[in-house]
Amino acid sequence: MNQASIHTHSHYSCLDGLSKCSEICGRSKELGFSHVTLSDHGNVAGHWEMLGEARKSGLTPCLGTEIYMRDDRYKNINQATGREKPKGFHLCLWATDTEGLHNVWAISSRTFQATGPGHKIPNATWDMFEGVGKGVIASSACLASLLSYAAKKNDEECADYFVDRMRSIFDDFYVEIHTNREEEQRGVNLWLASYAHKRGLRLIHACDSHYAYPEQADTHDMLLGLQTKSYFDENHFKMAHDYYIQSEQEMRQRIAYLGDDVVDECFKGADEFLGRFQEYEIDESHKVPRFDLPEGWTDQDAFFKHEVEKGLLTKVGGCKIMPNEPGDPVDMIRIDRMPKVDLQPYVKQLVDEELPIILGHHLAGFFLVTSDMMRWCKKEGMLIGPGRGSCVGSIVCYALDITEIDPMGKGLYFSRFLNEGRMAHLPDIDSDIPTSGREPLREYLRGKYGAENVSAVGLNFYYGIKAALKDVCRYYRFDITDSNRITKITERLEEVAEDVGKPWRECYSYIDQEDAEFMRETEKSYPELFQRAESLVGRLRQQGKHAAGFIVSPIDMASNMPVRKDGEVVTQFDKWAIDPMGFLKADLLGLRNLETLTMAAK
């Protein structure tokens, strides 16, 4: 029988999820489950990580999201204020195949794209489901769902309205029976089971886990306190210690009050539900925008070689390109004189090393698009860095104005930039531009390739021991002076640990002995402080955006690389997913010193 903990939150449920994807998979394997599910609040940012962890663990991934949804008829009202809550009703959407995965990504992206000033919560509306229901199953979600709202109101008309609309949009709809022991949940479960029988709806059990193991409940309490800026001795928001991944036996015991037949229905329904998930096929091919060729050109590779040749003649040979005359073939290059430098060594490197790899792996478009960016910046009067990283070893990059360093005779090797062992991903080219140039360049790219195809690269910040200790010290009202000293010393310990390849706790001998003794005494006096801090290491702390990176895509990003908003459109996936998924990532770092020099030059 197919089994899993259905309705699972990871640390990508940024306000209240604790579990790493590896912990979810580890716990699922430990309990003998065949599948692993993921349904984070309001986003799909954990999908890439979960795909990798599930495959490593031999589990079938079932990817979804618990979105917030606003309805035009029924409102999610705050009973204390009488006003509509910022977040809509909860609803789980599940991708049963590759098409469904792209559709779930599209829905998630649409919810973020609709946000703006005064409307920061990514709520879905019914129109956002249009055209993206195939391969997607909906399920009723938790106590904050519209179906649970109907249950609490004993309103079958509301339930019928919701269920009928769901079934008309998505492939199917399941009713979740949650296994927490809250009294309100018990009454809702009884109503939902009865209603499902009347309507012929299938039941599935749902743990709504926010952490993997029961012993992590106290750490989860602390996490909720950190997220709400509360202290340990305050009556801050906490969840009942029920929301971990439970075994089949425990789940059965928790909902036994529904009767054996209903409990069996929940597990049979879960078996059928999980059996509908197919292997996701992620397209990892290179995704480079089509470069618009000038009039008369039809072959991108031929134009690429033509541009490289022109660059060699002008930048190395010192020639001036003359206008073509009527009747000249499109690939004719007229120059004012013979090159002043022997170009044979350059041609040999191009023919022997660079062109076979670039053309053999269909990368001409990548270099033309990147060249176009840099040439546009220079045309706009920006001072551009001469080049950074291994790309300066490429004659192609130099000829196409991507870099300004002639690599010949300088000990710069093309093979460090590109070789057959590094062709799984697109080349990595880092460039520096003035800080004020980043937004105009993005606008240029949006206009050229479409606003929906350009996005900043998202970034996830995970707890290290320094940040964890800082947050935990604040939560436990630790003395601010000692707290600052601890985090300062820990920062040094982390640096040393990275250098010597040891855990930070084993690096006291490498730092000032007075600081080392202070840390030992603090650990001895407050062991829980360090234990709690270490329990946070590696978990998501916050999200942001990459300082330099953004994507230029030939395909709609909403359904192929899900996006969110962080002042601008940003990928939901971290930068580490961009390359494996084959997207063109431009790394253009804005530097203040180039800004100053640009202004001085003007």
Side-chain angles (χ1 to χ4, degrees), residues 285-382 384 387 391 394-408 414 417-418 423 426-427 429 431 441 444-450 453-454 552-555 584 586:
S285 64
H286 292 165
K287 300 170 184 67
V288 178
R290 178 73 184 174
F291 184 79
D292 291 332
L293 298 175
E295 186 177 352
W297 288 92
T298 58
D299 187 309
Q300 185 170 252
D301 287 358
F303 180 71
F304 164 77
K305 289 188 287 185
H306 177 77
E307 288 294 292
V308 171
E309 185 179 354
K310 283 169 61 178
L312 276 184
L313 288 168
T314 56
K315 299 184 76 169
V316 179
C319 302
K320 180 180 178 181
I321 304 299
M322 307 300 292
N324 281 5
E325 297 180 359
D328 283 348
V330 71
D331 60 351
M332 170 73 78
I333 301 176
R334 290 185 176 273
I335 53 178
D336 63 338
R337 61 180 178 79
M338 294 300 291
K340 64 182 181 182
V341 174
D342 181 12
L343 299 181
Q344 283 305 309
Y346 294 85
V347 173
K348 178 174 173 54
Q349 179 169 320
L350 285 170
V351 172
D352 291 350
E353 295 184 56
E354 301 198 21
L355 295 182
I357 282 187
I358 292 172
L359 297 178
H361 290 275
H362 311 291
L363 294 175
F366 169 84
F367 284 93
L368 289 172
V369 169
T370 305
S371 171
D372 178 65
M373 292 185 212
M374 304 312 297
R375 286 174 172 172
W376 183 85
C377 290
K378 293 169 185 176
K379 180 182 174 184
E380 294 296 306
M382 301 181 200
I384 305 302
C391 65
S394 168
I395 292 171
V396 163
C397 288
Y398 179 57
L400 293 180
D401 296 326
I402 296 169
T403 62
E404 293 300 333
I405 298 173
D406 182 349
M408 189 59 65
F414 175 77
F417 173 48
L418 289 181
M423 298 315 299
L426 286 170
I429 295 179
S431 302
L441 175 58
Y444 169 70
L445 294 172
R446 290 180 186 122
K448 191 176 183 73
Y449 300 108
N453 295 335
V454 178
V552 185
S553 170
I555 53 180
L584 188 160

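Computed from a predicted model, the values in this text were never measured in an experiment.
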For residues 286-295, tabulate all N or O donor-acceptor pairs below 3.5 Å that involve a side-chain atom, not counting sequence neighbours.
unit_1, atom_1, unit_2, atom_2, d
K287, NZ, D283, O, 2.7
K287, NZ, S285, O, 2.9
K287, NZ, M581, O, 2.5

pair [X]-[Y]: side-chain heavy atoms closer than 4.5 Å:
{"X": "T298", "Y": "F303", "result": "no"}
{"X": "M423", "Y": "L363", "result": "yes"}
{"X": "D336", "Y": "C319", "result": "yes"}
{"X": "I555", "Y": "S553", "result": "yes"}
{"X": "L312", "Y": "Y398", "result": "no"}
{"X": "E354", "Y": "F417", "result": "no"}
{"X": "V552", "Y": "K448", "result": "no"}
{"X": "M322", "Y": "I333", "result": "no"}

To the nearest 0.5 Å, how far apart are [atom1] in [X] and [atom2] in [Y]?
{"X": "I384", "Y": "E404", "atom1": "CD1", "atom2": "CD", "result": "9.5 Å"}
{"X": "I395", "Y": "K315", "atom1": "CD1", "atom2": "NZ", "result": "12.0 Å"}
{"X": "F304", "Y": "I358", "atom1": "CZ", "atom2": "CD1", "result": "4.5 Å"}
{"X": "S431", "Y": "L441", "atom1": "OG", "atom2": "CG", "result": "10.0 Å"}
{"X": "L426", "Y": "F367", "atom1": "CG", "atom2": "CZ", "result": "9.5 Å"}
{"X": "I405", "Y": "C397", "atom1": "CD1", "atom2": "SG", "result": "11.0 Å"}

Minimal non-hydrogen separation, [X] against [Y], with atom names:
{"X": "V316", "Y": "V341", "answer": "O-CG2, 3.6 Å"}
{"X": "I402", "Y": "M374", "answer": "CA-CG, 4.1 Å"}
{"X": "A364", "Y": "L359", "answer": "CB-CD2, 4.2 Å"}
{"X": "I335", "Y": "R337", "answer": "CD1-O, 3.1 Å"}
{"X": "Q349", "Y": "F414", "answer": "NE2-CB, 3.9 Å"}

Do any N or O atoms from the side chain of N324 and from the backbone of M332 form a donor-acceptor pair under 3.5 angstrom? yes

Taking S394 for its side chain and C391 for its backbone only, find out whether a donor-acceptor pair lies under 3.5 Å.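 Not at all, since once roles are kept as given, no pair shorter than 3.5 Å links the two residues.
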
Apply side-chain contact (heavy atoms from CB on, under 4.5 Å) to residues L313 and L343 and explain how you reach the verdict. CA-CA 8 Å; L313 288 168; L343 299 181; 3.9 Å; yes

Atom NZ of K320: over 12 foreign heavy atoms under 6.0 Å: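 Check fails, neighbour count at 12 or below.
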
List the steps, then state whether salt bridge (charged side-chain N to carboxylate O under 4.0 Å, His left out) holds for D331 with K305. CA-CA 10 Å; D331 60 351; K305 289 188 287 185; over 6 Å; no

Indicate yes or no: does D328 engage R334 in a salt bridge with an N to O separation below 4.0 Å. yes

Assess the residue pair S371 and E307 against the criterion (side-chain hydrogen bond (donor to acceptor under 3.5 Å, both in side chains)); give the C-alpha distance rounded to whole Å, side-chain angles, the decisive distance to 0.1 Å, and a yes or no. CA-CA 10 Å; S371 171; E307 288 294 292; over 6 Å; no

